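This structure is a prediction, so every number in the text was calculated from the model and none was measured. Residue numbers count from 1 along this sequence.
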Amino acid sequence: MSAAQESVATPALTKARAPRRRLGRKLALLGATLAVTLLILEIFVRLFCAAPAGFPRSALAAPGAFTCRMKADAEFDVPLADGGGFHVKTNARGFRGPTTASIADRPLRILSLGDSFTLGWGVELEDHCMARFVSSYRRVHPDRDIGHAYLAHPDWDPKDYWLAYLTEGLAARPDLVVLGLFAGNDVMPTDAPRYLDPRDAPTRDAPPEVPALPLFRSFGWVHTQLSSSLVVARAGLWAGYEPASFARFEPDVAKQRPAWKTTFHYLATLDADVRRNGGNLVIVSYPSLIQVNAYGALDAAGFDHTAPDRLLSAFLAERSIEVIPLLEPLKAANQKFDLYLPRDRHLTARGNEVAAEVLRVKLGPMLDRIWDERIGR
């Protein structure tokens, strides 16, 4: 190449490279901006939003045959993803409220059995719907000596409910066992073992491991914000996205029933044991946040938000087990969308107040009948 040709090619090459350099600088600036933004978000999440899920490991005991268990005589605060938290104080057996042994000599004995909804996740114990109901019943009937105890823990399943009744509750001979059931996580795997004797259930002598917080907590925080957003849920339904958990809203409940086989096994076994020991089993069905806050979007997308209750009620009717669905009363009282914690997705104090009124109407007459049959006459 001649000198003249070189002088012509060099400016042309320089001009060709200039846009690429400008693009490179812009991309580098964009990358730096994103990195700084993520750093600020990470700092924010660590300072204000990084609440661990569930109970702290220091509050957990060796679970034995249960999935998990709290330490006895413990006291701790549980932070909530929505901010704030609630206080937990356990009794000598590792549960909230009085021990079952302390109510054994009462003429009328009630046992609350279940998972986080029955535990009263997110609220103080006196604000829980069963505590509110029992308190109101005592005010109406001050002459009736009622004992009420809780056997509940987050992450329990129907196997745990049955085991808790036999190993922790049976000695008190409860007249009424009120089981809180949440279809969102109480449908057990169909291949889970189905025990008939609590002695056959395997035991563990160490608390379950609590997962360590991820290195970058902001990613989990963003996922929580999106997954708990009703706007996102509605948009996903509109776009045809169907999470696996939505299988319980399949309109054809006959297609769902096989998936409930293990759950139904333990419900039927629990009912048989309660009846054998002179008690009455009642199941309170807790709906999910999306069933109450976005039922229209669910149904418009081809689902049926009432399917879990329809399936459960049909099974329980076959066995003459009482069921109290909370779905319709919660929907009717939800004008302010204040009945659930948006991210923790459990009932607020207001939601528990609504549920307590349902229990007053439904459980009150049952207690009257039990009292008249066994004590009042």
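Side chains of Leu181 and Tyr161 form a contact here, defined as non-hydrogen atoms less than 4.5 Å apart. A heavy-atom distance below 4.5 Å is found between the side chains of Ile290 and Phe249. A 4.5 Å side-chain heavy-atom check between Ser112 and Phe133 finds every atom pair outside the cut-off. When side chains are defined from C-beta on, Ser116 does not count as touching Phe182, because their heavy atoms never get closer than 4.5 Å. At least one side-chain heavy atom of Leu327 sits under 4.5 Å from a side-chain heavy atom of Thr306. Between Pro198 and Trp162 the shortest side-chain heavy-atom distance falls below 4.5 Å. Side-chain contact between Arg350 and Val354 is present, with heavy atoms from C-beta onward closer than 4.5 Å. Between Trp371 and Pro107, some side-chain heavy-atom pair lies under the 4.5 Å cut-off.
Rounding to the nearest 0.5 Å gives a distance of 9.5 Å between CD of Gln291 and CG of Asp304. For the atom pair CG of Leu179 and OG1 of Thr118, the computed distance is 6.5 Å after rounding to the nearest 0.5 Å. Within the model, atoms CZ of Arg275 and CZ of Arg319 stand 10.5 Å from one another, a figure rounded to the nearest 0.5 Å. Residue Leu367 holds its CG atom at 8.0 Å from NE2 of His141, rounded to the nearest 0.5 Å. Expressed to the nearest 0.5 Å, how far CE of Met130 lies from CG of Asn352 amounts to 11.5 Å. Rounding to the nearest 0.5 Å places CG of Leu347 at 12.0 Å from CD of Glu353.
Salt-bridge check for Arg369 with Glu322: failed, with every basic side-chain N at 4.0 Å or more from each acidic carboxylate O.
A donor-acceptor distance shorter than 3.5 angstrom exists from the side chain of His128 to the backbone of Phe117, with no hydrogens or angles considered. At distances below 3.5 Å, at least one donor-acceptor pair connects side-chain atoms of Arg109 with backbone N or O atoms of Ala172. No side-chain donor-acceptor contact under 3.5 Å links Arg132 to the backbone of Glu357. Looking only at distances, a side-chain donor or acceptor of Asp160 sits under 3.5 Å from a matching main-chain atom of Asp157. Arg96 places a side-chain N or O within 3.5 Å of a backbone atom of Leu119 that can act as its donor or acceptor partner. The backbone N or O of Tyr195 sits less than 3.5 Å from a side-chain atom of Tyr266, completing a donor-acceptor pair. Using a distance-only test at 3.5 Å, with no hydrogens or angles considered, a donor-acceptor pair links the side chain of Tyr150 to the main chain of Ala131. Looking only at distances, a side-chain donor or acceptor of Arg343 sits under 3.5 Å from a matching main-chain atom of Ala81. Under a 3.5 Å cut-off, the side chain of Thr90 and the backbone N or O of Asp73 do form a donor-acceptor pair. Using a distance-only test at 3.5 Å, with no hydrogens or angles considered, a donor-acceptor pair links the side chain of Arg69 to the main chain of Arg93.
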* Could you check Phe66 against Glu168 for side chain to side chain contact (heavy atoms under 4.5 Å, CB included), going step by step and ending with a plain yes or no? => CA-CA 11 Å; Phe66 297 124; Glu168 295 284 339; 4.3 Å; yes

* To do: Begin from the C-alpha positions of His265 and Met188 and carry the test side chain to side chain contact (heavy atoms under 4.5 Å, CB included) through to its verdict.
  => CA-CA 10 Å; His265 162 81; Met188 299 178 65; over 6 Å; no

* Please report the C-alpha distance between Phe76 and Met70 in whole Å, then the side-chain angles of each, then the deciding distance to 0.1 Å, and finally whether the side chain to side chain contact (heavy atoms under 4.5 Å, CB included) criterion is met. => CA-CA 11 Å; Phe76 52 93; Met70 291 181 286; 4.0 Å; yes

* Derivation of the salt bridge (charged side-chain N to carboxylate O under 4.0 Å, His left out) call for Asp273 and Arg276 -> CA-CA 5 Å; Asp273 286 325; Arg276 188 179 301 115; 2.3 Å; yes

* **Chi angles and distances behind the side chain to side chain contact (heavy atoms under 4.5 Å, CB included) call for Tyr340, Asn334** => CA-CA 9 Å; Tyr340 283 80; Asn334 198 36; 5.7 Å; no

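Other residues, nucleotides and ligands place no more than 12 heavy atoms under 6.0 Å from the NZ atom of Lys362. Surrounding CG of Asp252 are more than 12 heavy atoms belonging to other residues, nucleotides or ligands, all under 6.0 Å away.
By the 30° and 60° cut-offs, the orientation of the rings of Trp121 relative to His346 is tilted. Using a 30° and 60° split on the angle between ring planes, Phe55 and Phe86 fall in the tilted class, from 30° to 60°. Using the six-membered ring where Trp is involved, Trp156 and Phe95 have ring planes that are perpendicular, over 60° apart on the 30 and 60° scheme.
Closest heavy-atom contact between Tyr137 and Gly364: CE1-O, 3.8 Å. Scanning all heavy atoms of the two residues, the minimum distance from Leu196 to Thr269 falls at CD2-OG1, 4.3 Å. Between Gly85 and Leu80, the shortest heavy-atom distance links the atoms CA-CG, 3.8 Å. Among all heavy-atom pairs drawn from Asp186 and Gly180, the shortest one is OD2-O, 4.2 Å.
Residues Leu108 and Tyr165 do not share a hydrophobic cluster, clusters being chains of Ile/Leu/Val/Met/Phe/Trp/Tyr side chains in contact below 4.5 Å. Residues Val292 and Leu312 do not share a hydrophobic cluster, defined by chaining ILVMFWY side chains whose heavy atoms lie under 4.5 Å apart.
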